[in-house]
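Worksheet: one structure, shown below.
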There are 2 protein chains.
Amino acid sequence: MPRSRHSDALRAAQMYYLQDLTMDAIARELRTSRSTVSRLLSSARDTGLVQVQIRSPLDSAPELERMIREQHNVDVHVVPVLDTLNEAETLDRVAMQAARTIGPLVDSNAIIGIAWGATISAVSRHLTRKITHDSIVVQLNGAGNMQTTGITYASDIMRRFGIAYGARVEQFPVPAFFDHASTKTAMWKERSVRRVLDLQDRMSIAIFGVGSVDSSYPSHVYAGGYLDENDLKLLAGSDVVGDVATVFFRADGSSDGITLNERSTGPSHEQLRQVRRRICVVSGASKIDGLRGALAARLATDLIVDEATARRLVGFGDSA
Amino acid sequence: MPRSRHSDALRAAQMYYLQDLTMDAIARELRTSRSTVSRLLSSARDTGLVQVQIRSPLDSAPELERMIREQHNVDVHVVPVLDTLNEAETLDRVAMQAARTIGPLVDSNAIIGIAWGATISAVSRHLTRKITHDSIVVQLNGAGNMQTTGITYASDIMRRFGIAYGARVEQFPVPAFFDHASTKTAMWKERSVRRVLDLQDRMSIAIFGVGSVDSSYPSHVYAGGYLDENDLKLLAGSDVVGDVATVFFRADGSSDGITLNERSTGPSHEQLRQVRRRICVVSGASKIDGLRGALAARLATDLIVDEATARRLVGFGDSA
DNA sequence: TTCCGTTCTGCACGTTTGTGCAAATAGCTT
DNA sequence: AAGCTATTTGCACAAACGTGCAGAACGGAA
């Protein structure tokens with residue numbers, strides 16, 4: 001970047017955030033206008049030059065967070081939102097806070113696995129930039145369905161992550177579900193596919209939402225033409241409560257004997273649990289059953305969740 | 001710490017910094033006035049709940065920083081200041097930025113060694129709080145002189161560090177220099193003194209300025225009645241250019257044969273070099289000779305310095 | 001309970017900051 | 001060099017913010 005532009009942004013940021021000067025004073029030192037300084041600072045913020053972090057000392061964390069942390073053994077971030085907000089607004093705010101919470105966790109040489117979905121799509125729209133080296137963003141599960149190849153939707157998400165972290169993007173150009181398990185077996189031996197699977201094996205961070213069967217704001221998976229009537233009947237008959245990356249589970253976290261999973265392209269739960277950092281983003285109380293299942297399956301090490309859902313999770317529906 | 005006050009500050013901080021809401025919107029959600037939110041946020045900032053960090057990606061660091069980093073093998077933070085500012089203003093801004101730069105380096109269980117002096121005193125006035133557990137702040141060198149015990153001056157500095165990091169404070173109630181080296185030898189065997197020396201041995205962070213002999217803004221050491229005429233003559237006759245924690249060195253970093261050091265209560269350079277993180281704060285171009293010596297002696301791992309002095313250090317006195 | 005000292009709150013005002021817009025500048029192409 | 005487009009700049013205005021002050025709420029002590 002224009003050498004002087006970037007270094008001015010750095011100087012301005014230091015003076016503003018570290019020395020408490022006003023933009024006016026900075027403008028004079030930099031011999032430019034105050035508005036330019038305002039813009040320099042905002043560019044410093046969203047190129048990740050300035051990093052704002054909120055560190056709630058664990059021992060003074062609110063009751064709610066402590067309870068979830070202990071009951072489910074996850075690092076939890078409760079996003080404060082009025083429970084009167086509608087689902088879309090809540091999602092937006094959860095997504096924004098999630099994006100900023102994820103930022104500091106991403107490092108150079110990371111391999112970041114991303115599951116597509118409404119929640120993660122929202123997150124991808126709020127990422128702040130952070131320059132890393134040799135990071136890779138890898139898609140966790142196929143996005144094709146009967147109508148489309150799903151490329152644009154999923155790849156937009158992937159691309160945004162790639163841009164934000166300066167990372168290479170590896171798409172996964174397969175359908176979400178194969179029609180026949182045998183096709184999957186065959187494809188999984190193809191070298192082009194293996195390359196992606198190998199990356200998934202080595203990923204250091206996974207980021208995903210959860211699908212919930214009874215969600216009133218239904219996940220793409222259940223509504224978007226990924227499954228046919230037969231599949232849906234199958235699901236209904238097997239106590240499935242939700243999915244992570246199109247791999248289904250029951251309320252107790254188990255997933256053995258769910259035949260649909262054999263045709264799914266997402267990573268098995270066992271494989272997912274190998275990942276050091278597994279970040280689950282959940283917004284909306286209707287996902288509560290799916291979330292419970294995912295936690296029971298120990299799929300997440302970190303949970304970012306709106307306050308109302310967090311309350312439901314520990315049992316009390318209203319005030320603190 | 002009224003439970004609700006602190007947790008409101010946390011919520012407000014999350015909404016403001018992580019969700020980009022305005023204070024007005026936050027006030028409505030919290031059912032309070034906007035001004036209260038403003039105050040909540042500022043308390044969140046200076047209790048360390050909100051941490052602002054500036055991370056200049058090393059490879060895009062300005063020329064100046066890179067040169068110093070390579071020439072002297074230190075992690076350097078150049079504080080941007082107009083070179084037209086007077087010494088006092090420069091000191092203030094360097095001190096503020098130093099305080100905020102040090103913050104993130106302090107962790108729980110740290111043993112922090114502090115040298116008193118005009119520079120560190122200024123730093124101590126700008127520390128932002130950060131809650132740690134079981135940290136200890138230990139004084140590196142005595143502050144007594146012929147007129148006073150030096151207790152109040154040095155202990156104010158120490159106390160401020162202690163408060164900022166919630167750390168226990170260990171003073172060092174000895175003079176800056178003994179009149180007789182033999183007294184030092186004797187005292188160094190006393191258990192009350194040993195306790196402090198043992199802490200110094202185990203310190204994980206040391207924070208100090210440098211004294212420079214020719215400083216036009218003379219260090220306390222050279223002006224404050226710590227040394228008598230004889231001592232000063234001794235110094236003049238031995239090529240001394242400066243000191244760190246009242247231990248002197250020459251331009252090449254050597255300190256052998258400087259007899260005054262045998263009576264000084266500060267840690268030997270050898271001992272200081274054992275410390276993992278050694279942060280040197282320097283403000284004012286008149287300290288350049290002292291700084292050069294300190295760097296030659298490899299006393300610092302981190303250097304925080306004003307821009308004008310940094311320029312002099314690498315040789316070009318003016319513009320970039 | 002009343003009293004008094006302390007802390008907290010909201011208001012009002014002045015200051016600081018974000019941003020649409022038009023002019024200026026920089027970067028390319030011909 | 002001229003011409004064209006894409007950025008960048010400063011201005012002016014509106015929005016957002018910090019803070020002194022006076023009154024309210026709180027927390028003991030008598």
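Below, chains carry the letters A, B, ... as their sequence lines are ordered, and counting in each starts from 1.
Using a 4.0 Å cut-off, no side-chain N or O of B/Arg31 falls inside it from OP1 or OP2 of C/dG10. Contact between the side-chain N/O atoms of A/Thr32 and the OP1/OP2 oxygens of D/dG10 is found at a separation under 4.0 Å. Here B/Ser35 does not reach the OP1 or OP2 of C/dG10: none of its side-chain N or O atoms lies under 4.0 Å away. One finds no side-chain N or O of A/Ser38 lying less than 4.0 angstrom from the OP1 or OP2 phosphate oxygen of C/dT17.
Residue B/Tyr17 contributes atom OH, which lies 13 Å from atom C1' of D/dA16 at whole-angstrom precision. As rounded to whole Å, 13 Å separates atom C1' of D/dT9 from atom CG of A/Asp8. Remark: P of C/dT15 and CG of A/Asp20 are 19 Å apart, rounded to the nearest angstrom. In this structure, A/Arg34 places its CZ atom 7 Å from P of C/dT17, rounding to the nearest Å. One atom, CD1 of B/Ile26, and another, C1' of D/dA16, lie 12 Å apart when rounded to the nearest Å. Atom-to-atom, CG of A/Leu41 to P of C/dT17 comes out at 9 Å; the value is rounded to the nearest Å.
Set against C/dT19, C/dT16, D/dT9, the side chain of A/Thr22 has C/dT16 as its closest nucleotide. Closest to the B/Tyr16 side chain, of the nucleotides D/dC17, C/dT17, D/dT9, is D/dC17. Which of C/dT19, C/dG10, D/dC17 sits closest to the side chain of B/Met23 comes down to D/dC17.
A heavy-atom distance below 4.5 Å is not found between the side chains of B/Val52 and B/Tyr17.
Heavy-atom minimum distance, A/Val137 versus A/Ala167: CG2-CB, 3.8 Å.
Between the side chains of A/Ser33 and A/Thr36, at least one donor N or O sits under 3.5 Å from an acceptor N or O. No side-chain donor from either of A/Ser124 and A/Ser121 sits under 3.5 Å from a side-chain acceptor of the other.
Counting only distance, with no hydrogens or angles, the side chain of A/Thr132 and the backbone of A/Tyr165 share a donor-acceptor pair below 3.5 Å.
The residue among A/Arg39 and A/Asp24 whose nearest nucleotide of DNA chain C is located toward the 5' end is A/Asp24.
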